[in-house]
There are 2 protein chains.
Amino acid sequence: MSSLRARQKEDRRNRIVTSAKTLFRQQGFEKTTIEGIAEAAGVSGVTVHNYYGTKAGVLLALVIESDKLLIEKLESTLPKEPASLTDLMLQFARDIMDHAIANLDKVIWRQVIAAVTTGGVTQLTRAYFKLDQQLAFVLVRRIERLQQAGKLSPDIDASHLGKALFHLQNARFIQFISADELSRDEIEQRLRNDLAALFAVGSV
Amino acid sequence: MSSLRARQKEDRRNRIVTSAKTLFRQQGFEKTTIEGIAEAAGVSGVTVHNYYGTKAGVLLALVIESDKLLIEKLESTLPKEPASLTDLMLQFARDIMDHAIANLDKVIWRQVIAAVTTGGVTQLTRAYFKLDQQLAFVLVRRIERLQQAGKLSPDIDASHLGKALFHLQNARFIQFISADELSRDEIEQRLRNDLAALFAVGSV
DNA sequence: ACAAAATTTTTTATTGAATAAAAAAATTTA
DNA sequence: TAAATTTTTTTATTCAATAAAAAATTTTGT
């Protein structure tokens, strides 16, 4: 039973985000103006500000939508019974990079990272961090599966391990988008090295 | 044999960075204007732009200077013979957080991270990343010491391990500055959990 | 030491993000 | 349907960023 106002608002949100996505992809982040987005969405520039605060806020909103899809995709495509922890991680990292690149280019992803770190504590950044947690949790659950399958010691705290590995993956992801020339293969190799070294520490 | 021009330029650079540091600390990043920095430094606003490109560029210049000191400090204060890899890491992370907080507050550090990720490939970002590498290398050398002391398997690639751990530390550092309420102790605990979980993977 | 050449800074102007307050328009409610 | 409420738009301002022309200063060649 949504009111007319609520529906109109929802509608404007959609128009703004959709227009922004098109413009960001066509002309990049910098060259896209708030006025441009507003015009394409049929609202005033100030309304865009009222809705999303900043240009980066609009971008964040759009990324949040696509990240929800990413999580669904990961839930379904990540192997339920991974062969090993390393395999799981590499697959996880690759899926995330693939998804990122399919949606926006590296230059724009840098703006996303910047927006998230500077953005204070807003509705949008909270939503983003929540999705990040969910993403990490996908990993945690798969790690528990590995433990159940006897492929990983059951004594390890799956939550701690999942979060640590997620942070590491995230660091490599940021490195990936920060340098134009870095390929997914190159990052995969680095991650492989990371894991090999880290996992070798405990072996007596 | 520096020319008058070169000396004047160096002088202006110093005045700009020094003025900026004072103003950033007094009023924060947002409330400090380029014009304000320029006035305090006795140059025009456009000159500040000419020298550092953006307001964040000025901040980055100032951080780079203080990071050089951090590296020196770490070289001298990190134990030459650490008791364990975990101890080494926790000390490393704590020194970095201490140094960061002693110089600028969290809000401003967020701007640093944002500036580095969006900053394209400029003189300043290159310098910053180079220092980051040096920082990682400090860790690598200490890890080699651990291996020489028989406290860590000599089969492990110290460079890979050091870089992986540096990335992890960096991720936790960014988390630290991203949330006002997160204390160094809290981050230390998380890092401890990270390391415990990661190092347990290899143990058979 | 001085005038011409080269470099650097400043002035001036423009675009666009962000924000605030008042005015206008639309929806909701009674 | 008219009053009350909410939302958007208009209007105005500050500041970052950038560009081009003008002014000032240093360097160079004689």
Side-chain angles (χ1 to χ4, degrees), chain A residues 1-17 19-20 23-24 27-61 107-108 110-112 114-115 118-120 122-125, chain B residues 1-17 19-20 23-24 27-61 107-108 110-112 114-115 118-120 122-125:
Chain A
M1 243 341 54
S2 58
S3 69
L4 174 57
R5 270 200 170 134
R7 270 176 288 135
Q8 283 178 325
K9 203 163 240 177
E10 187 57 28
D11 220 58
R12 283 192 205 101
R13 285 200 117 86
N14 283 332
R15 290 197 323 259
I16 291 170
V17 170
S19 305
L23 291 174
F24 285 152
Q27 2 175 297
F29 184 78
E30 316 265 359
K31 284 188 181 164
T32 299
T33 66
I34 296 260
E35 279 301 329
I37 297 171
E39 196 183 354
V43 295
S44 79
V46 174
T47 292
V48 175
H49 272 113
N50 286 340
Y51 275 53
Y52 296 104
T54 64
K55 187 163 75 162
V58 181
L59 174 58
L60 208 49
V107 182
I108 295 188
R110 290 171 206 158
Q111 300 287 343
V112 175
T118 52
T122 66
Q123 207 68 35
L124 285 167
T125 51
Chain B
M1 240 347 45
S2 59
S3 69
L4 173 57
R5 268 200 171 134
R7 270 176 289 134
Q8 284 177 325
K9 204 163 239 177
E10 187 56 28
D11 220 58
R12 283 192 206 100
R13 286 200 115 87
N14 283 332
R15 294 204 311 266
I16 290 170
V17 169
S19 305
L23 291 173
F24 285 154
Q27 5 177 294
F29 184 78
E30 317 265 1
K31 284 187 181 163
T32 300
T33 66
I34 296 259
E35 278 300 329
I37 296 171
E39 196 183 353
V43 296
S44 79
V46 174
T47 293
V48 176
H49 273 113
N50 286 341
Y51 275 53
Y52 296 105
T54 65
K55 188 162 72 162
V58 182
L59 174 58
L60 207 49
V107 182
I108 296 187
R110 290 172 206 157
Q111 300 288 342
V112 176
T118 53
T122 66
Q123 206 67 35
L124 285 168
T125 52

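Proteins come first, then strands; the chains are lettered A, B, ... in the order of their sequence lines, and each starts at number 1. Heavy atoms only: backbone and side chains are in, while hydrogens, waters and symmetry mates are out.
Remark: the backbone N or O of A/V43 is not paired with any side-chain donor or acceptor of A/T47 at under 3.5 angstrom. In terms of modelled atom types and a separation under 3.5 Å, the side chain of B/K31 and the main chain of B/L23 share no donor-acceptor contact. Between the side chain of A/K55 and the backbone N or O of A/T32 there is at least one donor-acceptor pair closer than 3.5 Å. The backbone N or O of B/R110 lies less than 3.5 Å from no partner atom in the side chain of A/T118, so there is not a single donor-acceptor pair.
Put simply, CD on B/Q27 is 15 Å from C1' on D/dT14, counting in whole angstrom units. Between B/Q111 atom CD and D/dA16 atom P the separation is 12 Å, expressed in whole Å. Atom P of nucleotide C/dT8 and atom CG of B/D11 are separated by 16 Å, given to the nearest angstrom. The OH-P distance, from B/Y51 to D/dA16, rounds to 19 Å in whole Å. Nucleotide D/dT11 holds its P atom 13 Å from the CD atom of A/E35, rounded to whole Å. Following rounding to the nearest Å, B/K31 (NZ) and C/dT19 (P) show an atom-to-atom distance of 13 Å. In this structure, CZ of A/R7 is placed 19 Å from P of D/dT6, rounded to the nearest angstrom. Taking atom OH of residue A/Y52 and atom P of nucleotide C/dA18, one finds them 15 Å apart after rounding to whole Å.
Side-chain nitrogen and oxygen atoms of B/T47 include at least one within less than 4.0 Å of the OP1 or OP2 phosphate oxygen of C/dT10.
Comparing B/E30 and A/G42 against DNA chain D, the residue whose closest nucleotide sits nearer the 5' end is A/G42. Toward the 5' end of DNA chain C, the nearer of the two residues B/R12 and A/T33, judged by each one's closest nucleotide, is B/R12.
For the pair A/R13 and A/Y52, the cation-pi test (distance below 6.0 Å, angle within 45°) is passed.
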For A/E30 and A/Q111: C-alpha separation, side-chain torsions, deciding distance, then whether side chain to side chain contact (heavy atoms under 4.5 Å, CB included) applies.
CA-CA 10 Å; A/E30 316 265 359; A/Q111 300 287 343; 3.3 Å; yes
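For the pair B/D11 and B/R15, the salt-bridge criterion is met [side-chain N within less than 4.0 Å of a carboxylate O].
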What string of B, S and - do you get for nucleotides 17-30 of chain D 5' to 3' if you count protein non-hydrogen atoms under 4.0 Å?
BBB-----BBS---
